[in-house]
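A quick write-up on the structure given underneath.
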Amino acid sequence: MWGIDGEGRRVLVIERSFVMYFYLVLKSQEDPKTVLGRIHQQASEMPFLGQIELTVKRFFGREVQAIKVSCLDPDFVPQCAKALSGIEGVEKCLEDDFRYSMRYLIDSGVTPCSWHRADVEEADRDVKAQVDDVYIAKTVPARMEEKGAPPPFRTISFFPVYHASRGAPKPETDPVVIISTITNTGETRRFKASNLDDRSLMESFVEYVRGFDPDVIVGFETNRRHLQFLTARARKLGLKLSIDRVNAEPHQSVYGHVSITGRAGMDMLDMADELQEVKVKTIENVAAFLGVKRLDEQVMIDETDFASYWDDLEKRTQLLRYAAEKTECLLGIFESMFPYASQLSRLVGLPLDQIGRVAVGFRIEWYLIREAFRIGEIVPERVERPYIPYAGGMVLAPKPGVHENIAVLDFKSMYPNIMIEKNVSPDTYIPPSVSKLPTEVNIAPVVGHKFLKEPAGFYKRVLSDLIAFRDQIRARMKELDQQSSEYRLLDARQQAVKVITNAAYGYAGWIGARWFEKPVAEATAAWGREMIINAIQAAEELGLNVVYGDTDSIFVEREPERIETLSSMIKRELGLEIRPDKVYERILFTEAKKRYCGLLPNGNLEIVGLEVVRGDWANVARTTQERILELILKEQSPGKALEFVQQFIVQLRQRKVPYRDLIIWKTLTKPVAEYEVNAPHVAAARKLENEGWALTVGDKVGYIITQGSGKLYERAKPYMLTSYEEVDAEYYVANQVVPAALRILSMFGVREADVTASAPSKKPGTLAEFF
DNA sequence: GCCTGGTCTCTACCC
DNA sequence: ACGGGTAGAGACCAGGCG
């Protein structure tokens with residue numbers, strides 16, 4: 001275990017006593033002692049086996065007889081498990097697929113990003129590691145709950161620039177010409193190649209990192225790209241990228257993250273996955289969103305131009321400055337996201353350098369695995385299942401038009417609370433074949449699934465604990481100064497708890513989940529639909545007009561007294577809390593579900609689902625629609641909105657809008673070769689591949705529609721391979737700006753011809769006039 | 001061969 | 001590689017028509 005002690009010394013603590021194990025669950029009708037005898041017999045011929053003992057555990061809530069088999073060499077667990085699982089009387093083999101390090105963390109209770117106390121002794125001198133002290137643990141490290149603040153880390157962020165004359169840089173042929181770094185102690189460095197010779201750059205970069213001895217190495221796209229590239233490039237030069245604490249190289253590890261032994265490699269691109277609002281994940285966009293730094297468009301350089309900037313000595317300075325800006329942004333992004341990342345790591349129990357990379361489903365699963373261990377439940381195996389869809393939440397058709405003074409009532413944590421209230425869990429599920437008294441079970445509406453009322457199921461226990469934990473954190477926060485570091489830490493902690501709580505329902509319906517039981521998710525959703533239907537009915541009986549609703553919310557006229565009555569009725573009769581979440585002074589619905597725009601009391605617009613918030617529309621369409629919504633909802637003037645669009649279209653046709661506002665971004669959701677139809681972004685991706693760029697799933701393709709004939713996809717070109725002269729302005733008028741504008745303006749009787757005409761015949765007036 | 005309407009593919013959103 | 005519900009654009013294709 002790599003850590004920092006109370007005096008700020010970097011330490012390596014070695015645990016030598018922990019022994020790996022797995023379980024053999026016995027068939028219920030077998031005599032456990034007989035099976036144990038058979039296992040002993042078989043085991044005597046096998047190496048590496050340690051203790052073999054009979055034990056009582058729980059599996060899906062039922063008591064089971066199990067044999068715990070210890071295995072002295074962790075690498076032989078799969079082999080031992082396979083050999084013993086075929087023995088007569090053994091039902092199945094479980095928990096044989098854990099990594100040694102995770103098994104240790106779970107069993108010991110050692111948690112990443114937390115303080116622990118351990119009794120230690122000095123280790124032998126033969127351990128080569130770049131730390132102040134190496135110890136052997138004499139006791140299992142015990143978590144210290146009371147000590148919260150993290151130790152002062154040394155952090156470095158870096159950004160590399162490669163030189164490729166064509167397409168994606170390749171370590172075999174293309175040098176790294178710049179590595180820019182900055183540390184949290186304020187040191188900046190720019191390692192430069194000598195023209196195209198990067199040997200001394202590589203050497204001095206490695207030397208510098210080792211000298212600074214960071215605890216955290218921050219980068220962007222490091223897991224998927226830069227660490228592999230730099231490692232391979234160093235090798236090509238006959239060097240070693242030994243930036244870790246054991247004089248080895250960064251290496252590929254679990255969940256596709258790259259491990260730097262003894263340090264935490266943090267890829268801020270992985271962390272940025274959490275930021276749904278950032279549509280195109282670049283360092284600049286993430287930094288701007290987090291309020292870290294706003295880079296001027298003028299200083300930004302596309303990667304396609306890196307080589308030419310390097311080759312031109314005058315432009316090289318700009319490139320160097322730009323690389324330095326990137327590392328500054330990165331350090332700021334890290335500082336902004338670290339509290340959340342570390343609290344998530346601590347809550348889930350996965351190491352800090354893995355937490356950003358690991359999929360949401362697995363985060364929850366590791367949390368559940370820790371909880372299962374705590375209560376003596378054996379963890380189910382991963383099984384492949386067919387995908388069978390089921391019905392989810394209910395969405396109401398909105399009442400189109402503009403409404404004034406609308407309150408949004410939300411069910412508080414609807415799905416988690418249903419799962420608690422109805423004890424919905426894989427271990428409380430009663431299949432149709434099993435008969436129970438109606439008083440013993442909760443029966444889900446419509447779908448009819450049954451769940452035992454008692455005892456409390458696994459999900460109920462876990463979710464109740466999480467909700468109680470969050471309430472407790474928030475109670476402590478109330479006593480603190482909002483600027484204090486403790487407050488910020490607790491805020492990040494409650495955020496992590498919330499995320500895990502809210503994702504439990506999705507996890508329960510995921511066929512890849514170890515604790516999957518389709519009726520669990522299906523019943524939860526069915527109860528959810530019942531709740532909202534009842535809420536709507538109750539609201540209407542109270543004379544509250546319901547204008548919209550989605551899954552766990554209803555939008556009603558704001559009448560505080562009746563809302564108060566409604567909320568206490570729902571609390572009493574449904575057992576769930578519904579509360580006024582927010583108020584819109586004015587809100588606009590079209591006929592579409594999941595798309596609306598509301599004006600908040602603070603004067604801000606909240607835009608939901610519309611083109612403005614979608615990443616796959618050109619900025620010209622998004623910003624135009626946003627302005628229209630402002631003019632309509634704030635100034636209540638569809639007339640001004642129409643005038644604005646007309647003028648904007650004139651500008652667009654005269655090519656007076658920035659080129660970047662014409663780029664359409666779309667994500668590749670599969671390998672380019674696997675697409676069945678010729679979508680524009682796929683055609684643009686093919687062009688990039690022809691230019692030597694390697695594209696993978698998840699990459700964003702930015703394209704421009706150019707003039708010419710034929711299908712649209714034949715006119716889509718990557719934006720960096722296109723010039724403004726080629727742009728088909730009419731496409732952007734007809735297929736971007738006009739549809740986005742009319743989505744709103746058609747509600748006020750505006751038609752396409754009104755928008756595109758430069759001299760309009762008639763204008764709509766005010767909202768009041770219109771209605 | 002051209003036009004039309006319906007269906008399918010694809011993406012990104014909401015909660 | 002967490003769930004289902006939904007909107008919307010554009011490709012694709014069969015069928016009608018001249």
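Note that the coordinates shown come from a computational prediction; the quantities given were computed from them, not determined experimentally. We name chains A, B, ... by the order of the sequence lines, and we start the count at 1 in each one.
Look at A/Tyr713 and you won't find any side-chain N or O under 4.0 angstrom from OP1 or OP2 of B/dC10. Between A/Lys279 and B/dC13, a side-chain N or O to OP1/OP2 separation shorter than 4.0 Å is present. Phosphate proximity of B/dT11 to A/His681: present, with a side-chain N or O under 4.0 Å from OP1 or OP2. An OP1 or OP2 oxygen of B/dT11 is reached within less than 4.0 angstrom by no side-chain nitrogen or oxygen of A/Lys700. In terms of phosphate contacts, A/Thr667 brings a side-chain nitrogen or oxygen within less than 4.0 Å of OP1 or OP2 of B/dA12.
Heavy atoms of A/Tyr387 sit under 4.0 angstrom from primed sugar atoms or phosphate atoms, though from no base atom. As judged by a 4.0 angstrom heavy-atom cut-off over every strand, A/Ala503 is placed among the base-contacting residues. At the heavy-atom level, A/Tyr731 lies under 4.0 Å from the strands shown only through sugar-phosphate atoms. Contacts of A/Asn735 with the nucleic acid, taken as non-hydrogen atoms under 4.0 Å apart, involve only primed sugar atoms and P, OP1 or OP2. Using a 4.0 Å heavy-atom distance criterion, A/Tyr596 is classed as a sugar-phosphate-only contact. Here A/Val613 lies in heavy-atom contact (under 4.0 Å) with sugar-phosphate atoms only. Residue A/Tyr415 is classed as having no contact, given no heavy-atom separation below 4.0 Å to the nucleic acid. No contact: A/Gly512 has no heavy atom under 4.0 Å from any strand. Looking at heavy-atom distances under 4.0 Å, A/Trp515 makes no contact with the nucleic acid at all. A/Leu712 comes within 4.0 angstrom of the backbone, heavy atoms only, and of no base. Within the 4.0 angstrom heavy-atom criterion, no nucleotide atom of any strand lies near A/Ala508.
Atom-to-atom, CG of A/Asp273 to P of B/dA12 comes out at 13 Å; the value is rounded to the nearest Å. Nucleotide B/dT11 holds its C1' atom 15 Å from the CG atom of A/Asp699, rounded to whole Å. At whole-Å resolution of the value, CD1 in A/Ile607 and P in B/dC15 are 14 Å apart. Rounded to a whole Å, the CD atom of A/Glu277 is 13 Å from the C1' atom of B/dC13. Distance A/Arg614 CZ to B/dC13 P: 6 Å, rounded to the nearest Å. Nucleotide B/dC15 holds its C1' atom 22 Å from the OH atom of A/Tyr507, rounded to whole Å. Nucleotide B/dT9 holds its C1' atom 7 Å from the CD atom of A/Glu676, rounded to whole Å. Distance, A/Trp617 CH2 to B/dC13 P: 13 Å, rounded to whole Å.
Taking the six-membered ring where the residue is Trp, the centroids of A/Tyr429 and A/Phe60 are separated by 6.0 Å or more. Separation of the A/Tyr719 and A/Trp665 ring centroids falls under the 6.0 Å cut-off.
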Stepwise side chain to side chain donor-acceptor pair (under 3.5 Å) test for A/Gln707 and A/Glu730: CA-CA 9 Å; A/Gln707 291 166 4; A/Glu730 282 313 307; over 6 Å; no
Pair A/Glu421-A/Lys571, salt bridge (Lys or Arg N to Asp or Glu O under 4.0 Å): steps then yes or no: CA-CA 12 Å; A/Glu421 191 76 21; A/Lys571 174 75 190 166; over 6 Å; no
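Salt-bridge formation is not detected for the pair A/Glu606/A/Arg586: no Lys NZ or Arg NE/NH1/NH2 atom is positioned less than 4.0 Å from an Asp or Glu carboxylate oxygen.
Along DNA chain C, read 5' to 3', the first and last nucleotides having any atom under 4.0 Å from a heavy atom of chain A are C/dA1 to C/dC12.
Side chain to side chain, A/Asn285 and A/Lys279 fail the donor-acceptor criterion of an N or O pair below 3.5 Å. Checking A/Glu221 against A/His226 by side-chain atom types alone, no donor-acceptor pair falls below 3.5 Å. One side chain, A/Gln252 or A/Gln228, offers a donor N or O that lies under 3.5 Å from an acceptor on the other.
The side-chain tip of A/Lys670 points at the ring of A/Tyr675 from less than 6.0 angstrom away and within 45° of straight on.
The nearest heavy atom of DNA chain C to A/Gly506 and to A/Arg529 marks one nucleotide each, and the one closer to the 5' end goes with A/Gly506.
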